[in-house]
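Numbers here simply count residues along the sequence, with the first being 1.
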Amino acid sequence: MGDVKQGYREAENKAKETWRKADGEEDLADKAGNLGDDIRQGLGNAGDEARDMGDDAKREVDRDRTNSDRL
């Protein structure tokens, strides 16, 4: 799921960047908007990765508990 979200965020950022450049000029506000979008994308991707790592760790702990209960 994280890959889907990352792809969506990247496409959304590219669309916004293209829209900001549509008038032929890229002023300071456009650059600030692009930077903000890039930061939000990075934080969102990092959050997804952290959540995935936590989910993986939980599944591993649960699997280890299940296996130790069988012994």
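Residues passing the salt bridge (charged side-chain N to carboxylate O under 4.0 Å, His left out) test with R59, sequence neighbours excluded: D56. Contacts of D23 classified as salt bridge (charged side-chain N to carboxylate O under 4.0 Å, His left out), with partners at least two apart in sequence or in another chain: none.
Between D37 and R40 there is a salt bridge, since a side-chain N of the basic residue sits under 4.0 Å from a carboxylate O of the acidic one.
If you take CZ on R9 and CD on E12, they are separated by 9.0 Å, rounding to the nearest 0.5 Å.
Contact between E25 and D30 at its shortest, heavy atoms only, is O-OD2, 3.3 Å. Residues Q41 and Q6 approach most closely at NE2-O, 4.5 Å, considering heavy atoms.
Between E26 and K31 the shortest side-chain heavy-atom distance falls below 4.5 Å.
Cluster annotation: L43 is not connected to Y8 through the hydrophobic network of ILVMFWY side chains, with a link wherever side-chain heavy atoms come within less than 4.5 Å.
Under a 3.5 Å cut-off, the side chain of N13 and the backbone N or O of E10 do not form any donor-acceptor pair.
Under a 4.5 Å side-chain heavy-atom criterion applied to ILVMFWY residues, the cluster that includes V61 comprises that residue alone.
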